[in-house]
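These notes concern the structure reproduced below.
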Amino acid sequence: MQASHSHYDNTTAIRTDLGAIFVSLELSRATWLVTSLSPGGGERMSKHTVQGGDVGELLSRFAYLQEKVRCRIGRVVPIITIQEAGLDGFWIHRVLQEHGVESHIVDAASIAASRRGRRAKTDRIDGETLVRALLAFKRGEPRVCAMIRVPSPQEEDRRRICRERRVLIAERVEHVNRIKGLLFAQGIGGYQPLRKDRRMRLDELRTGDGRALPLHLKAQIVRELDRLELLLDHIAVVERERDLLVNAAAENTTITRPAAMLCAIKGVGAEIAAVLWTEGLSRHFDNRRQVAAYAGLAPTPWQSGTIDREQGVSKAGNPRLRTTMIQLAWLWLRNQPSSALSEWFFHRVQSNGGRHKKSTIVALARKLLVALWKYVKFGMVIDGAAMKAA
């Protein structure tokens, strides 16, 4: 027993024979926690803090780790880093790659965590967890974590148009609702702030008890209208940029762009085509399962023993793409009633006695997304789909 115990103490629980220094970065605005595991150092992880945003200090730390390992084992080994996807974006990843560092960005939700009701969580613990996940990933363990495919700067910049428009639309809804709420408190209904004669009609409004609008209330609504009109101008500018993006894709004769192909389908407008292109279909997918999973439309089974039930879609993918596909699925039924997908939906709902429309529309969105992916990648026209007149 004594010999067995001694053998266990000399066995390294974490394999570090891949010939590299494994580093995890826990990023925040104030500090960056660098957790590293070096060859020849056993399973003890070193931790060092650098000032947030100081890339020079981070690279100096990497050089120090490499020199320390060189003195220990007699050769220089590369550095492999991992960080969680977050608010820092991808600029750190690109800087590290420019300096010859192998960098990976992981989806934090894909890393297995303890199922205890209350578990310890600190940056130090998270840093060690990331290093272990990186080790397992480099060993080739399947599904240990999900590494993110980093978009190019051009791909990342293209997505700004549709995302900015979504933000502006949300702000427009807030201002419209605020104006309507202020007027409703005075007994006034039916006022539409988005109409072109909004300022003229504002002068004609009377409260529920027959009075003119109070002075300060009217001044507040006028300022709200000023902000609303500014938003409307910004939305118009963004939509013109979006249309230019789609038209440029249509005029490209050397490389067929997905946005131009999508706009040719009846019921698919410029906004939906741009979102589908920039958020999903411009990426590379190996199969239809990856397409559905990226949009968060993949099913989530729950099976244990004799228990076998479905929990619905995972919602673990791109929320903008998923929302757009749900909207497009409803529009598809209206504009493409003779297509095979629409007939499948109507038959499915009818067989259930007219129930489960919401769950069935999600299934239709998944099938439609896969069909659109096949259409833009392989040129497979959707069965029964009508195209716009040339």
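Using a 4.5 Å cut-off between side-chain heavy atoms of Ile, Leu, Val, Met, Phe, Trp and Tyr, Val167 forms no hydrophobic cluster with any other residue.
A donor-acceptor pair under 3.5 Å is formed between the side chain of Ser24 and the backbone N or O of Gly127. In terms of modelled atom types and a separation under 3.5 Å, the side chain of Ser110 and the main chain of Ala146 share a donor-acceptor contact. No donor-acceptor pair under 3.5 Å is formed between the side chain of Ser304 and the backbone N or O of Ile307. At distances below 3.5 Å, at least one donor-acceptor pair connects side-chain atoms of Thr129 with backbone N or O atoms of Ile125. Here the side chain of Asp197 pairs no donor or acceptor atom with the backbone of Met200 at under 3.5 angstrom. The main-chain N or O of Leu321 is never found under 3.5 Å from a side-chain atom of Tyr294 such that the two would form a donor-acceptor pair. No side-chain donor-acceptor contact under 3.5 Å links Ser38 to the backbone of Val69. A side-chain donor-acceptor contact under 3.5 Å links Lys388 to the backbone of Val268. A side-chain donor-acceptor contact under 3.5 Å links Gln336 to the backbone of Ala386. In this structure a side-chain-to-backbone donor-acceptor pair under 3.5 Å is present from Gln66 to Val77.
Applying the ring-ring contact (aromatic ring centres under 6.0 Å, His included) definition to pairs two or more places apart or across chains, none involves residues 315-353. Annotation: salt bridge (Lys or Arg N to Asp or Glu O under 4.0 Å) contacts involving residues 276-298, sequence neighbours excluded, comprise Arg163-Glu279. Under the ring-ring contact (aromatic ring centres under 6.0 Å, His included) criterion, no residue pair touches residues 216-237, with sequence neighbours excluded. Sorted by first and then second residue, the ring-ring contact (aromatic ring centres under 6.0 Å, His included) pairs involving residues 99-126 (not counting sequence neighbours) are His104-Phe137. The list of salt bridge (Lys or Arg N to Asp or Glu O under 4.0 Å) pairs with a residue in residues 173-192, not counting sequence neighbours, reads Arg178-Glu224. Pairs engaging residues 39-59 under the ring-ring contact (aromatic ring centres under 6.0 Å, His included) rule: none recorded [sequence neighbours left out].
Looking at Arg61 and Glu57, no side-chain N of the basic residue comes within less than 4.0 Å of a carboxylate O on the acidic one, giving no salt bridge.
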Test side chain to side chain contact (heavy atoms under 4.5 Å, CB included) on Leu130 and Ile111 and set out the steps.
CA-CA 8 Å; Leu130 285 177; Ile111 299 178; 3.5 Å; yes
Given Thr81 and Val34, is the side chain to side chain contact (heavy atoms under 4.5 Å, CB included) satisfied, shown in steps?
CA-CA 10 Å; Thr81 66; Val34 181; over 6 Å; no
Which is it for Asp123 and Thr31 under the side chain to side chain contact (heavy atoms under 4.5 Å, CB included) test, yes or no, and what are the steps along the way?
CA-CA 11 Å; Asp123 287 343; Thr31 59; 5.9 Å; no
Verify salt bridge (charged side-chain N to carboxylate O under 4.0 Å, His left out) between Glu67 and Arg70, making sure each step is shown before the conclusion.
CA-CA 5 Å; Glu67 179 64 21; Arg70 189 192 65 81; 2.6 Å; yes
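Heavy-atom neighbours of Arg159 CZ from other residues, nucleotides or ligands within 6.0 Å: above the threshold of 12. Heavy-atom contacts from other residues, nucleotides or ligands closer than 6.0 Å to CZ of Arg309 number more than 12. By the neighbour-count criterion of 12 heavy atoms within 6.0 Å, atom CE of Met387 is densely surrounded, having more than that number from other residues, nucleotides or ligands. Gln311 CD: more than 12 foreign heavy atoms inside a 6.0 Å radius. Counted within 6.0 Å of CZ on Arg160, heavy atoms from surrounding residues, nucleotides or ligands total 12 or fewer; the atom is thus considered open. Counting non-hydrogen atoms of other residues, nucleotides and ligands closer than 6.0 Å to CZ of Arg29 gives a total of 12 or fewer. For Trp91, the CH2 atom counts as densely surrounded, since its 6.0 Å shell holds more than 12 non-hydrogen atoms of other residues, nucleotides or ligands. The local environment of CZ in Arg124 is sparse, with at most 12 non-hydrogen atoms from other residues, nucleotides or ligands closer than 6.0 Å.
Ala292 pairs by the side-chain contact (heavy atoms from CB on, under 4.5 Å) definition with Arg366, not counting sequence neighbours. A search for side-chain contact (heavy atoms from CB on, under 4.5 Å) contacts involving Ala293 returns Ala298, not counting sequence neighbours. For Phe62, there are no ring-ring contact (aromatic ring centres under 6.0 Å, His included) partners at least two apart in sequence or on another chain. Taking Ala340 as the reference, Asp383 meet the side-chain contact (heavy atoms from CB on, under 4.5 Å) condition, with sequence neighbours excluded. In this structure, the side-chain contact (heavy atoms from CB on, under 4.5 Å) partners of Arg211, at least two apart in sequence or on a different chain, are Gln186, Thr207, Asp209, Pro214.
Residues Pro258 and Leu281 share a closest heavy-atom pair of CG-O, 4.2 Å. Nearest heavy-atom pair across Leu341 and Ala371 is CD1-CB, 4.3 Å.
Between Leu27 atom CG and Leu87 atom CG the span is 10.5 Å, to the nearest 0.5 Å. Taking NE2 of His356 as the reference point, atom CZ of Arg348 lies at 9.5 Å (rounded to 0.5 Å). Expressed to the nearest 0.5 Å, how far CD1 of Ile326 lies from CG of Leu331 amounts to 11.5 Å. Asp226 CG to Ile221 CD1: the interatomic distance, rounded to the nearest 0.5 Å, is 12.0 Å. Distance check: Phe285 CZ to Trp373 CH2 gives 8.5 Å after rounding to the nearest 0.5 Å. One finds the OG atom of Ser28 at 9.0 Å from the CG atom of Leu33 (value rounded to the nearest 0.5 Å).
Between the side chains of Glu171 and His175, no donor N or O sits under 3.5 Å from an acceptor N or O. Residues Ser46 and Ser36 have side chains that bring a donor and an acceptor to within less than 3.5 angstrom of each other.
Under the 4.5 Å side-chain heavy-atom criterion for Ile, Leu, Val, Met, Phe, Trp and Tyr, Ile265 and Met380 are members of the same hydrophobic cluster. Note: the hydrophobic cluster containing Met325 also contains Met261 (ILVMFWY, side chain heavy atoms under 4.5 Å, direct or indirect links). Each of Leu59 and Phe90 belongs to its own hydrophobic cluster when Ile, Leu, Val, Met, Phe, Trp and Tyr are linked at side-chain heavy-atom distances under 4.5 angstrom. At a threshold of 4.5 Å between side-chain heavy atoms, the hydrophobic network of Ile, Leu, Val, Met, Phe, Trp and Tyr places Phe184 and Ile179 in two separate groups. Under the 4.5 Å side-chain heavy-atom criterion for Ile, Leu, Val, Met, Phe, Trp and Tyr, Val349 and Val362 are members of the same hydrophobic cluster.
Contact annotation: the side chain of Thr300 never approaches that of Lys315 to less than 4.5 Å [non-hydrogen atoms, C-beta and beyond].
For the side-chain hydrogen bond (donor to acceptor under 3.5 Å, both in side chains) test with Glu141, the passing option among Lys138, Arg139, Arg143 is Arg139; the others fail. Across Arg119, Lys47, Lys121, a single residue satisfies salt bridge (Lys or Arg N to Asp or Glu O under 4.0 Å) together with Asp126, and that is Lys121.
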